[in-house]
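One structure is given here, and the rest of the page talks about it.
Residues take their numbers from the sequence shown, with the count starting at 1.
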Amino acid sequence: MLIAIVLTLNESEHIQACIESLRFADRVLVFDSFSTDATCSLAQESGAQVVQRRFDNYANQRNAALEAAQEMGADWVLFVDADERITPDSAREIRAAIAHTDAAGFRLPRHNFIFGKRTRGAGWYPDYQTRLLRVGAAHYDPERQVHEVVMLDGALGTLAQPIIHHNYRDLPQFLEKQRRYTAYEAQILYQQGVKPKPRNFILQPLRHFRWRYVTLKGWRDGWHGLRLSALMAWYELRKYQLLRGLWRKHA
């Protein structure tokens, strides 16, 4: 049995369209963090089962969702974000993959739509996500609370058909999320004992821009790719500025 799991917090804008794209699964579980909008009622109207758990971090939330799916009798789970959609081609490939395999999980490519544009370069394609997991053979590393990492007890396969991700609807949303991610990454470096060096404030942003724009082919997206590469380089600089602030604060 395949259960599709959607983690939610105030996703009334997306939840019904997301669930509609998951009709190929045997069941849909909306694992909610006590939304204050209509997410839960809309999910139930669309035929999904809703379970609520207080959010502490992403790794623990996904591990708790895995346990809930196992109690429901799932053999496989597919994690999908509310702003993602599974295409018919991807659905057929997923069903075929789990029918005849010894793998513990599969990664799926994603088409990211950023500011409404499908983004082909700068690291946003193929943007593989390990989301299709065999129950009992996968868990999330509790040490990685953001940008969580799945641990597999077995082989990892790769599917070909991309899923759709309606990522970053506008610039303010992008900036807000990058601020949060950057603060978290600076905190991780601080906990690891990494001290920023003067050259980091120049070389790291330049290297990051080159990596995004040249190596990861951000140039393929024209002005859009140039802007994204520059923004990500800026937040690389901000990471080291925040890291410097942490060391000064605790000096």
When hydrophobic residues are tied together by side-chain contacts of less than 4.5 Å, even through go-betweens, does F201 share a cluster with L242?
no
Let me check something: do M232 and I114 share a hydrophobic cluster, defined by ILVMFWY side-chain heavy atoms less than 4.5 Å apart, either directly or through other members?
yes
Between P162 and S90, the two heavy atoms sitting closest are O-CB, 4.0 Å
Applying ring-ring contact (aromatic ring centres under 6.0 Å, His included) to H14 and not counting sequence neighbours gives none
Do L152 and W76 belong to the same hydrophobic cluster, where Ile, Leu, Val, Met, Phe, Trp and Tyr are linked whenever their side-chain heavy atoms lie under 4.5 Å apart, directly or via other members?
no
For residues 123-130, which side-chain N or O atoms pair as donor and acceptor with protein atoms under 3.5 Å away, sequence neighbours left out?
{"from": "D127", "atom 1": "OD1", "to": "Q129", "atom 2": "NE2", "distance (Å)": "3.1"}
{"from": "D127", "atom 1": "OD2", "to": "R110", "atom 2": "NE", "distance (Å)": "2.9"}
{"from": "D127", "atom 1": "OD2", "to": "R110", "atom 2": "NH2", "distance (Å)": "2.8"}
{"from": "D127", "atom 1": "OD2", "to": "N112", "atom 2": "ND2", "distance (Å)": "2.7"}
{"from": "Q129", "atom 1": "NE2", "to": "D127", "atom 2": "O", "distance (Å)": "3.4"}

Evaluate side chain to side chain donor-acceptor pair (under 3.5 Å) for Q241 paired with R238, printing each intermediate quantity in order.
CA-CA 5 Å; Q241 290 175 334; R238 284 293 298 143; 2.8 Å; yes
So among L243, I188, N200, which one has a side-chain contact (heavy atoms from CB on, under 4.5 Å) with V194?
L243
Would a single hydrophobic cluster contain both V51 and L78, if residues Ile, Leu, Val, Met, Phe, Trp and Tyr are joined by side-chain heavy-atom contacts under 4.5 Å?
no
Enumerate, atom names and distances included, each donor-acceptor pair closer than 3.5 Å involving a side-chain atom of residues 99-108, sequence neighbours excluded.
{"from": "T101", "atom 1": "OG1", "to": "A103", "atom 2": "N", "distance (Å)": "3.0"}
{"from": "R107", "atom 1": "NE", "to": "T158", "atom 2": "OG1", "distance (Å)": "2.8"}

Return the SG to CD distance between C40 and Q52, rounded to the nearest 0.5 Å.
4.0 Å
Is a side-chain donor or acceptor of H208 paired with a backbone partner of Q204 at a separation under 3.5 angstrom?
no
With no hydrogens and no angle check, is any side-chain donor or acceptor of N10 less than 3.5 Å from a backbone partner on T36?
yes
Tell me, which pairs form a salt bridge (Lys or Arg N to Asp or Glu O under 4.0 Å) where one or both residues lie in residues 190-215, sequence neighbours left out?
none
Could you grab the distance from atom CD of E93 to atom CD1 of I163, nearest 0.5 Å is fine?
11.5 Å
Salt bridge (Lys or Arg N to Asp or Glu O under 4.0 Å): which pairs involve residues 167-193, sequence neighbours left out?
E176-R179, E176-R180
How long is the span from the CH2 atom in W211 to the CD atom in E236, to the nearest 0.5 Å?
9.0 Å
Under the ring-ring contact (aromatic ring centres under 6.0 Å, His included) rule, collect the residues that match up with Y140, sequence neighbours excluded.
F79
Enumerate the residue pairs fulfilling side-chain hydrogen bond (donor to acceptor under 3.5 Å, both in side chains) with a member in residues 213-233, sequence neighbours excluded, ordered by first and then second residue.
T119-H224
Quiz item: cation-pi between R53 and F34, 6.0 Å / 45°
no
Nearest heavy-atom approach of A65 to I5 is O-CD1, 3.7 Å
Is the shortest heavy-atom distance from the side chain of N167 to the side chain of F113 under 4.5 Å?
no
Measure the spacing between CE of M1 and CD1 of I98 and express it to the nearest 0.5 Å.
11.0 Å
Residue pairs involving residues 25-52 (criterion salt bridge (Lys or Arg N to Asp or Glu O under 4.0 Å); sequence neighbours excluded)
D26-R95
Is there a donor in the side chain of S33 and an acceptor in the side chain of Q61, or the other way round, less than 3.5 Å apart?
yes
Provide the closest heavy-atom pair for P109 versus A160 in the form atom of the first, atom of the second, distance.
CG-O, 3.5 Å
Please lay out, stage by stage, how L2 and V77 fare under the test side-chain contact (heavy atoms from CB on, under 4.5 Å).
CA-CA 6 Å; L2 171 65; V77 299; 5.7 Å; no
Point-to-point distance, once rounded to the nearest 0.5 Å, from OG1 of T87 to NE2 of H111:
8.5 Å
Are the side chains of E11 and S35 in contact, using a 4.5 Å heavy-atom criterion?
no
Between the CD1 atom in I86 and the CD atom in Q161, the distance rounded to the nearest 0.5 Å is 11.5 Å
Side chains of M72 and I3: does their closest heavy-atom pair fall under 4.5 Å?
yes
Does H165 have any ring-ring contact (aromatic ring centres under 6.0 Å, His included) partners at least two apart in sequence or in another chain, and if so, which?
none
Would you say V80 ends up clustered with V28 if hydrophobic residues are merged whenever their side chains have heavy atoms under 4.5 Å apart, either directly or through other cluster members?
yes
Run the ring-ring contact (aromatic ring centres under 6.0 Å, His included) test against Y235 and tell me which residues pass, sequence neighbours left out.
none
Hey, are the side chains of L231 and L175 touching, using non-hydrogen atoms and a 4.5 Å cut-off?
yes
If you take all heavy atoms of L246 and A186, which pair is closest and at what distance?
CD1-O, 3.8 Å
Is it true that a side-chain atom of N63 and a backbone atom of H139 form a donor plus acceptor pair closer than 3.5 Å?
no
Taking only residues two or more places apart in sequence or in another chain, which ones pass side chain to side chain donor-acceptor pair (under 3.5 Å) with E20?
R23
R62 meets the salt bridge (charged side-chain N to carboxylate O under 4.0 Å, His left out) criterion, sequence neighbours left out, with D81, E148
Close side-chain approach of L133 to V135, heavy-atom, < 4.5 Å
no
Intermediate values then yes/no, side-chain contact (heavy atoms from CB on, under 4.5 Å), V30 and I15
CA-CA 9 Å; V30 170; I15 191 61; 4.0 Å; yes
Between Q178 and Y168, does the side-chain contact (heavy atoms from CB on, under 4.5 Å) criterion hold? Intermediate values first, please.
CA-CA 10 Å; Q178 291 306 318; Y168 303 124; 3.0 Å; yes
Using side-chain contact (heavy atoms from CB on, under 4.5 Å), reason through T8 and F31 one step at a time and then give a plain yes or no.
CA-CA 6 Å; T8 57; F31 206 74; over 6 Å; no
